[in-house]
Participant: 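Let me begin by handing over the structure; questions about it come next.
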Amino acid sequence: MPEGPEPLDWTGKALECGACRFHDRLESGQCGLGWSCLNDRYAKRIERFFTLNPELADENLSHPHFETRVQAARTASVFRLPRLLADEDPAVRGMAVLRLPAAHAERLIRDPDRAVRIAVAHRLPPGQLLPMLQDRDGHVRLIVARRAEPGMLPMLCADPDPEVRAEVARRIAPACLDRFRTDPEPLVRRMAARRRPGLFVTDDDIRVRHAVAEEGGREELRRLVADPEEIIRETAIQRLAHMKE
C-alpha cells in the first residue's frame, strides 16, 4: 500500500514506471510506485530510493526536481558536490554546504537565503565566523553566538535579539558580564546573574534575583534574606542553612 500522498511527479502528473529508465529495479524491490521513487514529489519516497540505490546518486544531481537533487546530494560523492553550491534552490545549496569540507562554506557566507546561511554558520570553523556576527537574521547570529570563539562575543553584547544576548551571557568571559546589568530583557540578566550573582542582587526583576538566590555565595544570600519577595527570602535562607552544615 502506498504511504503518504498520491504518487505524482513534481509537476503533478501521474507516475509511469514503464517510462522510467530505472524500471528494471522494480523486480528486485529497489523501487516501487508509492514507496520508493526518485521521480515522486514526496521527499520520503525519494530518500528511500537513494537509500536503496546509493550508486545512482551521482548521476541524479541535475534532476529537474529540487527535492531529488537534495536527496541525491545526501548520498552522492563529495567530489560531485561543489557545483551544487551554485544550484538555484537553497535546499540543495544548503545540503552541499553541510556535506562538503568546511572550506567550501565560506563561498556562501552572504547567500540570500537564511537556511543556507544557517548551514554555513554550522560549518565554518569558530575562528572564521566574524563576518557573520552582523548577519541580518537573528537565528543565524544565534548559531554564531553558540559557536564563535569567546573573543568575538563582546561584539554581540548589544545584539537586537535577546536570545542572542542570552547566549552571549552564557558564554562570554565573566569579566564582561557587567555589560548586561542594564540589559532591557530580564531573561538575559538572569543568565548573566547565574554566572556573576553579585552584580544582580538588587535587580528589579524577581526572576533575576531568584537566580542570584540560587547561585550566589554567602554575601549575596545575606543581602537577599530581607528581599521583599517571599520565595527569594526562603531560597536564600535555605541555602545559607545548608552552607553552615
Side-chain angles (χ1 to χ4, degrees), residues 97-98 101-111 114-227 229 231-233 235-240 242-244:
V97 166
L98 291 174
H104 291 268
E106 194 169 4
R107 292 171 52 185
L108 298 186
I109 206 167
R110 304 295 183 195
D111 192 275
R114 72 185 292 267
V116 177
R117 300 198 309 280
I118 287 172
V120 172
H122 278 295
R123 289 295 288 137
L124 282 179
Q128 295 181 23
L129 288 170
L130 185 62
M132 305 196 80
L133 292 174
Q134 303 301 320
D135 192 276
R136 63 183 177 274
D137 188 89
H139 189 68
V140 174
R141 298 194 307 276
L142 178 59
I143 296 169
V144 172
R146 289 172 178 165
R147 299 192 61 243
E149 292 182 345
M152 298 181 189
L153 296 178
M155 296 179 64
L156 290 172
C157 284
D159 191 274
D161 191 321
E163 192 173 2
V164 174
R165 299 197 306 276
E167 181 62 21
V168 173
R170 186 184 72 83
R171 295 190 60 224
I172 202 168
C176 297
L177 288 170
D178 58 342
R179 302 186 184 195
F180 297 102
R181 294 180 69 176
T182 58
D183 193 282
E185 173 55 55
L187 296 181
V188 175
R189 302 198 304 275
R190 176 178 170 84
M191 179 63 73
R194 289 194 170 280
R195 299 185 61 209
R196 284 191 66 187
L199 296 175
F200 298 90
V201 176
T202 60
D203 193 274
D204 292 337
D205 194 280
I206 183 176
R207 293 167 293 182
V208 179
R209 298 198 310 281
H210 192 260
V212 176
E214 291 179 321
E215 304 294 339
R218 281 189 173 86
E219 182 179 347
E220 290 81 29
L221 296 176
R222 286 172 182 146
R223 295 173 65 182
L224 291 176
V225 295
D227 193 274
E229 296 290 345
I231 187 172
I232 294 178
R233 296 196 303 272
T235 302
I237 291 169
Q238 289 174 3
R239 289 199 61 232
L240 275 172
H242 286 302
M243 286 181 178
K244 294 177 182 178

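Residues: numbered from 1 along the sequence shown. Predicted, not measured: the structure shown is a model, and the values here were computed from it.
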Participant: Determine whether Met132 and Ile109 satisfy the following criterion, side chain to side chain contact (heavy atoms under 4.5 Å, CB included), listing intermediate values before the conclusion.
Facilitator: CA-CA 7 Å; Met132 305 196 80; Ile109 206 167; 3.5 Å; yes
Participant: Using the test side-chain contact (heavy atoms from CB on, under 4.5 Å), find all partners of Pro125 that sit at least two apart in sequence or belong to another chain.
Facilitator: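 Testing Pro125 for side-chain contact (heavy atoms from CB on, under 4.5 Å), a comparison that skips the adjacent residues, returns Ala102, Gln128.
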Participant: Holding to side-chain contact (heavy atoms from CB on, under 4.5 Å), I want the full list of residues that pass it with Ala105, two or more places apart in sequence or in another chain.
Facilitator: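 With neighbours one apart ignored, the set is Val97, Val120, Arg123, Leu124.
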Participant: Mind checking salt bridge (charged side-chain N to carboxylate O under 4.0 Å, His left out) for Arg110 and listing every partner two or more places apart, or none if nothing turns up?
Facilitator: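 Checked Arg110 against salt bridge (charged side-chain N to carboxylate O under 4.0 Å, His left out); zero matches.
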Participant: Filter on salt bridge (Lys or Arg N to Asp or Glu O under 4.0 Å), then keep only pairs touching residues 143-152, sequence neighbours left out; what's left?
Facilitator: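 For residues 143-152: none.
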Participant: Checking Glu163 now: which residues fulfil side chain to side chain donor-acceptor pair (under 3.5 Å) with it, not counting sequence neighbours?
Facilitator: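 Glu163 satisfies side chain to side chain donor-acceptor pair (under 3.5 Å) with no other residue.
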Participant: Can you list every salt bridge (Lys or Arg N to Asp or Glu O under 4.0 Å) pair that touches residues 168-179, not counting sequence neighbours?
Facilitator: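 Applying salt bridge (Lys or Arg N to Asp or Glu O under 4.0 Å) to every pair that reaches into residues 168-179, excluding sequence neighbours, yields Glu167-Arg170.
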Participant: Under the side chain to side chain donor-acceptor pair (under 3.5 Å) rule, collect the residues that match up with Arg207, sequence neighbours excluded.
Facilitator: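 So Arg207 forms a side chain to side chain donor-acceptor pair (under 3.5 Å) with Asp205.
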Participant: A side-chain contact here means heavy atoms from C-beta on lying under 4.5 Å apart; do Asp135 and Arg117 qualify?
Facilitator: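 Contact flag for Asp135/Arg117 side chains = yes.
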Participant: Return each pair, listed once, that meets side-chain hydrogen bond (donor to acceptor under 3.5 Å, both in side chains) where at least one residue sits in residues 218-227; pairs must be two or more places apart or across chains.
Facilitator: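 Listed once each, the pairs are Arg209-Asp227.
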Participant: Please round to the nearest 0.5 Å and tell me the distance separating atom CD1 of Ile232 and atom CD1 of Ile206.
Facilitator: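 Spacing of CD1 (Ile232) from CD1 (Ile206) equals 4.5 Å.
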Participant: Go through the steps to decide whether Arg189 and Asp203 satisfy the test salt bridge (charged side-chain N to carboxylate O under 4.0 Å, His left out), and finish with yes or no.
Facilitator: CA-CA 9 Å; Arg189 302 198 304 275; Asp203 193 274; 2.6 Å; yes
Participant: Nearest 0.5 Å, please: how far is CZ in Phe200 from CD in Glu215?
Facilitator: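 So the CD of Glu215 and the CZ of Phe200 are separated by 13.0 Å.
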Participant: Using side-chain heavy atoms (C-beta onward) and a distance below 4.5 Å, is Val212 in contact with Arg194?
Facilitator: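 No, too far: nothing below the 4.5 Å cut-off.
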Participant: Would you compute the distance between atom CD1 of Ile118 and atom CD1 of Ile143 and round it to the nearest 0.5 angstrom?
Facilitator: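 It comes to 5.0 Å.
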Participant: CD1/Ile172 to CG/Leu156 distance, rounded to the nearest 0.5 angstrom?
Facilitator: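 So the gap between those two atoms works out to 8.5 Å.
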Participant: Checking Arg114 now: which residues fulfil salt bridge (charged side-chain N to carboxylate O under 4.0 Å, His left out) with it, not counting sequence neighbours?
Facilitator: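 Arg114 satisfies salt bridge (charged side-chain N to carboxylate O under 4.0 Å, His left out) with Asp137 once adjacent residues are dropped.
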Participant: From the options Gln134, Arg141, Arg165, select the one residue that forms a side-chain hydrogen bond (donor to acceptor under 3.5 Å, both in side chains) with Asp159.
Facilitator: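 Output: one option passes, namely Arg141.
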Participant: Checking Arg190 now: which residues fulfil salt bridge (charged side-chain N to carboxylate O under 4.0 Å, His left out) with it, not counting sequence neighbours?
Facilitator: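 By the salt bridge (charged side-chain N to carboxylate O under 4.0 Å, His left out) rule, Arg190 matches Glu214.
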